[in-house]
Protein chains: 2
Amino acid sequence: MPATVPTSARTVSDVIRVRYDSLTRAEKQLADSLLENYPVSGLGSITVIAENAGVSTPTVARMVQKLGYKGYPEFQSHLHQELEATISSPIAKHDRWASNAPGTHILNRFADAITANLRDTLSELDTPTFEGAAALLRDRSRGIYFVGGRITGALAEYFFTHMQVIRPKTTLISTNSSSWPQHVLNMSAGDVLVIFDIRRYEQEMATLAEAARANGVVIILFTDVWASPVAKHAEHMFKVRIEAPSAWDSSVITLFVVEALIEAVQSSTWAETRERINSLEGLFERSRLFRRPGRQTRPD
Amino acid sequence: MPATVPTSARTVSDVIRVRYDSLTRAEKQLADSLLENYPVSGLGSITVIAENAGVSTPTVARMVQKLGYKGYPEFQSHLHQELEATISSPIAKHDRWASNAPGTHILNRFADAITANLRDTLSELDTPTFEGAAALLRDRSRGIYFVGGRITGALAEYFFTHMQVIRPKTTLISTNSSSWPQHVLNMSAGDVLVIFDIRRYEQEMATLAEAARANGVVIILFTDVWASPVAKHAEHMFKVRIEAPSAWDSSVITLFVVEALIEAVQSSTWAETRERINSLEGLFERSRLFRRPGRQTRPD
DNA sequence: CCAGTTCTGAAAATTTCTCTTCAAGGGCGT
DNA sequence: ACGCCCTTGAAGAGAAATTTTCAGAACTGG
């Protein structure tokens, strides 16, 4: 029974999955263990792998040969190559960028910065904050207000646009602070105020937060690691990394957190949301001429 | 001469860099090789590492001991741990996420999606498109117009807000299509129209593009991989990946490209931009009360 | 319940890796 | 230029990993 040589186009995990049904009990146990924390689980020696999976070393040796590799070393070297492809800066392999400039291309430097920001932001973010904020935004008995500064106003608008589709009682507060007092007047206790205040903090933003807070409004704050003065009034705070190889700060990760929050709110209230979306779609299609070419709503 | 045991808080690469000056010629050669494609370059056996660096195996064994590791296996296991931390979804190490949900936490799934989107988008993006668009946006003799759809309007606004600081003659076109004809009337040949048109393409957007094109306006388009109908009128097109584990599409990577473009334009016209920024800062500071707590402008 | 087949891990055999020793090579101060 | 000391790699000893062998265990079909 000659083992099929794995196509070079395939990853090791693909090979394992394709051949999974033809594996024996101990081998399946091993395969599961390998896939569990793939591909890092395959880094150690054959002995370590075997121990982690709770099987003997001969089982490992047999299986990799069964999968089409000459031996464990060859198997592992495939894994290493995959790791290399995954690890290296997203476009490291596309040397057209690198070869083009003396330093690295702007896109590359941005990509590195964004990746680092993502990692750092997530490692500092804790579940209670995220879940707490999501729970507040999910609660349809509360009114939700969004406000941002000169730069972050666009993020507030983006967040608002989505939440407006998902739930009622959402309001976008203009970046222009002259309208703020009226909005505070409209807020009731238990309402939620989502504030974006990053770097160049706006003093008036803290005043707004304080006033709202005094009215029993709960505040969710998006800020950078230095924390805006709004922080002391905020119930939930997202400290986002904004470093970029640029004269400006990056809002990419802030948008990332916003989108994750949108999904967290949306997915837990899908039944109710679906109805709103359908109505909305109807309104859109009646008032315009186009049909949508791609999916916008969830498949099923 | 007891070697300093590397602080557990430090990464292997940190240890190497800290001790770099105390390394010998062959060891530096080895260190360079290791850092070159860190940490993947350290995956193989001591023999492979030595060959790749062009040194002998004893050199490797000696250096890792000099760095404070008991031997090569220990050194490598540190590398493996780092890889594991790096590879696995940014927060996998913070098992508080994983333990919290049956599947993976939303943040983790989003992080994975965004990383994949970034990689795919960059690999499909070519230099001429990017440089070409940057050159157009840099040209102060051209007027620049920004327009987006219901969702992407916020991105257009974000782009506009930054470009407005950098250069004159920038205009944000409302998402509401009723105002579009007047804007077309104002455009002159050579002006640039930046269009965001993603998924749920708006038919009127293609009409706008066609009309503008007829007036000699150059179009830069941000769209998804399916390409909006505007594509046939566009001079430069950015096909961005927008997949997300969500009922909605992700704009994170689109924002990423926008920010990279902003920096590309900005950095090549810094002298002129600086003056604008300074004036603007003056205006801001005169009209408001605050002082900025962090840096906003470039350090030097 | 039995015979045949397949699977599995202990243990040995083999290969490879890692480390130590040691002599040659090279730099530096005198 | 000489000698000292540090550096370096070749070679071998020792350790570990990998593979093979083989006998018992587990399963299957009658």
Side-chain angles (χ1 to χ4, degrees), chain A residues 1-6 12 15-16 19-35 39-81 83, chain B residues 1-6 12 15-16 19-35 39-81 83:
Chain A
M1 198 59 24
T4 313
V5 174
V12 171
V15 175
I16 294 179
R19 302 298 232 68
Y20 191 84
D21 286 335
S22 71
L23 298 180
T24 67
R25 200 261 315 152
E27 285 170 349
K28 278 181 180 155
Q29 191 176 325
L30 169 60
D32 290 341
S33 165
L34 282 176
L35 293 177
V40 194
S41 45
L43 282 181
S45 74
I46 194 173
T47 319
V48 176
I49 306 306
E51 269 178 16
N52 285 346
V55 300
S56 66
T57 50
T59 302
V60 182
R62 270 191 299 262
M63 187 176 91
V64 298
Q65 289 178 355
K66 199 163 161 185
L67 292 178
Y69 304 94
K70 242 175 69 189
Y72 186 76
E74 187 185 304
F75 168 81
Q76 200 173 43
S77 108
H78 277 252
L79 233 37
H80 286 172
Q81 281 170 259
L83 260 175
Chain B
M1 199 56 26
T4 313
V5 175
V12 172
V15 175
I16 294 179
R19 303 298 231 66
Y20 191 84
D21 287 335
S22 71
L23 299 180
T24 66
R25 200 260 316 150
E27 285 170 349
K28 279 181 178 156
Q29 190 176 326
L30 169 60
D32 290 341
S33 165
L34 282 176
L35 293 178
V40 195
S41 44
L43 283 180
S45 74
I46 195 173
T47 320
V48 176
I49 307 306
E51 268 177 18
N52 285 346
V55 301
S56 66
T57 51
T59 301
V60 181
R62 270 190 298 261
M63 187 174 91
V64 298
Q65 290 178 353
K66 200 163 159 185
L67 292 177
Y69 303 96
K70 243 174 72 186
Y72 186 76
E74 187 186 304
F75 168 82
Q76 201 172 42
S77 111
H78 276 253
L79 233 36
H80 285 172
Q81 280 171 261
L83 256 176

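Below, read A as the first sequence line, B as the second, and so on, with proteins coming before strands; counting in each chain starts at 1.
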**Asked** Would you say a side-chain N or O of B:Thr24 is under 4.0 Å from OP1 or OP2 of D:dT8?
**Response** yes

**Message:** From CG of A:Leu43 over to P of D:dA17, roughly how many Å is that when rounded to an integer?
**Reply:** 15 Å

**Item:** Range on DNA chain C touched by chain B, heavy atoms, distance below 4.0 Å
**Value:** C:dC17 to C:dT20

**Complete:** A:Ile16 and A:Ala31 have their tightest heavy-atom pair at CG2-CB, 3.7 Å

**Request:** Determine yes or no for a side-chain-to-main-chain donor-acceptor pair under 3.5 angstrom, with B:Gln76 supplying the side chain and B:Gly44 the backbone.
**Result:** yes

**Prompt:** Can you name the nearest heavy-atom pair linking B:Leu34 to B:Phe75, along with the distance?
**Reply:** CD1-CZ, 4.0 Å

**Prompt:** B:Val55 and B:Val60: which non-hydrogen atoms are nearest, and at how many Å?
**Reply:** CG2-CG2, 4.2 Å

**Message:** If I compare all heavy atoms of A:Leu67 with all of A:Arg19, which pair ends up nearest, and what's the gap?
**Reply:** CD2-CB, 3.8 Å

Which atom pairs link the protein and nucleotides 19-25 of chain D when you take only N or O atoms and keep those under 3.5 Å?
unit_1: D:dT19; atom_1: OP1; unit_2: A:Tyr72; atom_2: N; d: 2.9
unit_1: D:dT19; atom_1: OP2; unit_2: A:Tyr72; atom_2: N; d: 3.3
unit_1: D:dT20; atom_1: OP2; unit_2: A:Gln65; atom_2: NE2; d: 3.4

**Request:** Heavy atoms only: give me the nearest A:Leu23-A:Lys66 pair and the separation to one decimal.
**Result:** CA-NZ, 4.0 Å

**Message:** Strictly below 4.0 Å: does B:Thr59 bring a side-chain N or O up to OP1 or OP2 of D:dT8?
**Reply:** no

**Side-chain heavy-atom pair B:Val12, B:Tyr69 within 4.5 angstrom cut-off** = yes

**Request:** Please report the C-alpha distance between A:Glu51 and A:Thr57 in whole Å, then the side-chain angles of each, then the deciding distance to 0.1 Å, and finally whether the side chain to side chain contact (heavy atoms under 4.5 Å, CB included) criterion is met.
**Result:** CA-CA 8 Å; A:Glu51 269 178 16; A:Thr57 50; over 6 Å; no

